[in-house]
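Notes follow the structure.
Reminder, nothing fancy here: chain letters follow the sequence lines and each chain counts from 1. Everything numeric in this text was worked out from a predicted model, so none of it was measured. Hydrogens, waters and symmetry mates are skipped; everything else that's a heavy atom, side chains included, is used.
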There are 4 protein chains.
Amino acid sequence: MEYNDKQTAIIDIAERLFSVSGFDGTSVRDIANEAGVNVAMISYYFGSKEKLMEAVFEHKSNKMRLKVENLIQDTEMTPIQKIYLLIDEYVEKFLDQKNFHMIMMREQLTDKRTPVSELILELKRRNLESVRMLIHDGQKKGVFKKNIDISMMMGTLIGTVSQMVLSQPFYRKVHGMEELGEQEFRSHIRKKLSIHLKKLFKALLTNEA
Amino acid sequence: MEYNDKQTAIIDIAERLFSVSGFDGTSVRDIANEAGVNVAMISYYFGSKEKLMEAVFEHKSNKMRLKVENLIQDTEMTPIQKIYLLIDEYVEKFLDQKNFHMIMMREQLTDKRTPVSELILELKRRNLESVRMLIHDGQKKGVFKKNIDISMMMGTLIGTVSQMVLSQPFYRKVHGMEELGEQEFRSHIRKKLSIHLKKLFKALLTNEA
Amino acid sequence: MEYNDKQTAIIDIAERLFSVSGFDGTSVRDIANEAGVNVAMISYYFGSKEKLMEAVFEHKSNKMRLKVENLIQDTEMTPIQKIYLLIDEYVEKFLDQKNFHMIMMREQLTDKRTPVSELILELKRRNLESVRMLIHDGQKKGVFKKNIDISMMMGTLIGTVSQMVLSQPFYRKVHGMEELGEQEFRSHIRKKLSIHLKKLFKALLTNEA
Amino acid sequence: MEYNDKQTAIIDIAERLFSVSGFDGTSVRDIANEAGVNVAMISYYFGSKEKLMEAVFEHKSNKMRLKVENLIQDTEMTPIQKIYLLIDEYVEKFLDQKNFHMIMMREQLTDKRTPVSELILELKRRNLESVRMLIHDGQKKGVFKKNIDISMMMGTLIGTVSQMVLSQPFYRKVHGMEELGEQEFRSHIRKKLSIHLKKLFKALLTNEA
DNA sequence: CATGAATGAGGATTCATTCAT
DNA sequence: GATGAATGAATCCTCATTCAT
């Protein structure tokens, strides 16, 4: 799909509003007003509010797709280095695409089977597959443990990052960072998450102390 | 607050509907219909839909409050045993109070400052404090490491459990458990989570292999 | 179905508006305004505009059902007298229930299969059956011809009346009756139709000159 | 008015859509889509949707004009033969121009005085005049009765044909002709109508048995 | 000459809430 | 104390039409 500037602007705004107010909590008027376009434009461009949501998803989801395909073939890096890269990739992506990530979380909270929820499942399936190959590679090379619960491990990876995104206001309050700029805070969290998760994964995957 | 049977029924149903359809996605008519009461009852009993949400929260939140206060004074158990108990408590609570947990997640996704979101912050603050005391106790006794990022650790605890709740359909699909009953599945996840998280926390907190 | 006064008022107004402006040409606002009720009442009372149409039909259609059942058993009247009574019944009904009749015509003009169109078919089927019995009775008694095309005959009966209802403005113009009151005009047409149709049916059914 | 090919195509499609869905039930987009032209074309070519309707009418109405002018002067045919020809002409035209005929009926159902309804009145007036001359000719020659209600007679002619067009689905159902092709069915109805109407008119107009 | 983009007006319906009973 | 009836506001979407290109 090719979108023109106005359409892209609508998608951007919709992403933000959907992420903070939810699909039902966001009216097409809200979106149209913020985008400075007529309400009818949403239907005109995307067909319906629902379809707009799909467009948001389709347009943003590729930014959430991990770039790990070539990581697998790489022979220079050790398996654990690859995992570390993967972690940083996840952390980066989730913090960067916070709005989209929130939409995904919200969508998973409903039990409705929508086209979007199908896309989420597919996205997760693909990401899981990439990780699985990385792990198996490490196991074949004998540097990773044999019995690894990959689903749980992924739950911890995604869950921990999600949780930090979700509890951002709480974290700021507890750590007295209420006045910190968004960029600085994100940078802070990124480092903390990276260190924390690498520690966890090292313990999970390897036998080293 | 004292609620009569009808009010409690409304709260129960509201919890469930809010959890799966969201606040905006649930109409007071839906709630009233399922509860078998008149639509006007919601406004009459609770003042407004918003207030009903607060009532749901207030009425259910104590079930999510950890029972760890006396754990701290306990002298029979080792710190790591206490942590293990804490983990099981969390896992148990989140899986048991899945609906309420989903409401909490959803509420944290919005940036609106509502009375409910304030209650969530308070709930999290209190739970964090309990854990912090447990950790400090273990550190004082020399069995836990010194530098522990409790926020990240809690992020992993809550995040991992949340993630498993959230991605339940995905997990079932990947593991061929689509036909498994809710109880059996919950039991399965509970065990997996317990083992996984204990392993993680042991690695995070102690120096043992 | 039991309707209260306000509902009946809405149905009456809807019947009139649907008959002159058509279903699509009548907005629920038009109806609500004329009935002096809130727009939401239409949905509240009838569920939807479509359902209102069905209510109109269901509520009015029995007035269009011919009362000929007992006519068949009557032994005092001759078959041709019965037919004459039938004709008058038809003419009366169609002129009296002009609005409803117009709705029926309009509905038959569309090729959509709606619940209403099904009801129309059923109504026509039932009326046809009554007439068929009358005719067969006359044939059995030897006063009616053997080969009678009942479908065509009914087409002429209903069609002629319909046409006169339809071309009322034209008729008035041609006959210089533009200023005649509705009641007077209806009375005039009724007589003309009665005479005309009886003449036709006598020719169609009997061998007399 | 001269119309180019694209305009004619639009008119053809508009005629069909108006006939089955009505004026209000047909959107200019429907027409434009089926015609494979831009939506703006309708306004551009015809000024408005309303004007398009007028164009449809003006462009098609001459096909509904009876060709009886020269029939009157003909000296070879008897008056009743001329009437028979007239009947066949009517039946033919109405069945052939079914769509246009339906539009006319629909238009007569509304009480709005539009340019189109004026055209209809004019068309009917002209047709009536032709028939009146035929009848008078027969009366002058002494083969037709004196007192003939021409308006009613025309009501029967047009009404019967209209009714058969209108109740086509009903007729098919009753006579088990649901699977019959449109052409075959039309041919069947044409013959039936022709026979039926000629019988009626003979009785109405002449003194013969 | 033709059209894609855009829009204001209006469509039906659902919403949470109120109020008289 | 409880509720059925009612409603104004807001929902999304479709409409016929216009206008710059």
(request) Check whether the side chains of D:Asp30 and D:Ser27 place a donor and an acceptor atom closer than 3.5 Å, and report yes or no. (result) yes
(message) Heavy atoms only, 4.0 Å cut-off, all strands: where does C:Lys6 land among base, sugar-phosphate and nothing?
(response) sugar-phosphate
(request) Send over the distance from B:Phe46 CZ to F:dA2 C1', rounded to a whole Å. (result) 14 Å
(request) Return the nearest nucleotide to the side chain of B:Tyr44; candidates are E:dC1, E:dT7, F:dT3. (result) F:dT3
(request) Grab the CG-P distance between A:Asn33 and F:dC12 for me, whole Å please. (result) 11 Å
(request) Please work out whether the ring planes of D:Tyr3 and D:His59 are parallel, tilted or perpendicular, with thresholds of 30° and 60°. (result) perpendicular
(request) Starting from the 5' end of DNA chain F, give me the residue, A:Val39 or C:Ala40, whose nearest nucleotide shows up first. (result) C:Ala40
(message) From CD of D:Glu50 over to P of F:dC15, roughly how many Å is that when rounded to an integer?
(response) 17 Å
(request) Take atom CG of C:Leu17 and atom P of E:dG11, then tell me their distance rounded to the nearest Å. (result) 13 Å
(request) Can you tell me the pairing partner of E:dG8 across any strand shown, Watson-Crick or G-U wobble, with both distances under 3.5 angstrom? (result) F:dC15
(request) Round to the nearest Å and state the distance from B:Asp5 atom CG to F:dA2 atom P. (result) 12 Å
(request) Answer yes or no: is there a donor N or O on one side and an acceptor on the other, between the side chain of D:Ser43 and the main chain of D:Ala40, under 3.5 Å? (result) no
(message) Taking atom types as they are modelled, would you say the side chain of B:Arg29 forms a donor-acceptor pair with the base of E:dA16 within the 3.5 Å cutoff?
(response) yes
(message) Which nucleotide wins on minimum distance to the side chain of B:Lys49, given the candidates E:dT14, F:dG4, E:dT17?
(response) E:dT17
(message) With a 3.5 Å limit on both atom pairs, tell me what F:dT21 is paired to, counting Watson-Crick and G-U wobble, or say none.
(response) E:dA2
(request) Ignoring the backbone of B:Val28, work out which of E:dT13, F:dA2, E:dT17 is nearest its side chain. (result) E:dT17
(request) Report the nucleotide, chosen from E:dG8, E:dT17, F:dA6, that has the shortest atom-to-atom distance to any side-chain atom of B:Ser43. (result) E:dT17
(message) Both C:Ser27 and D:Tyr45 contact DNA chain E. Taking the nearest nucleotide for each, which residue is further toward the 5' end?
(response) D:Tyr45
(request) Specify the separation, in whole Å, of atom CD1 of A:Ile31 and atom C1' of F:dC13. (result) 14 Å
(request) Could you state the atom-to-atom distance from CG of D:Leu52 to C1' of F:dA16 in whole Å? (result) 12 Å
(request) Rounded off to whole Å, could you give me the CE-to-P distance for the A:Met41 and F:dC15 pair? (result) 16 Å
(request) Supply the atom-to-atom distance B:Gln97 CD to B:Ser19 OG, rounded to the nearest 0.5 angstrom. (result) 11.0 Å
(request) Check whether any side-chain N or O of C:Thr110 sits under 3.5 Å from a backbone N or O of C:Glu107 as a donor-acceptor pair, and report yes or no. (result) yes
(message) Using OP1 and OP2 only, check whether a side-chain N or O of B:Asn38 sits under 4.0 Å from F:dA2.
(response) no
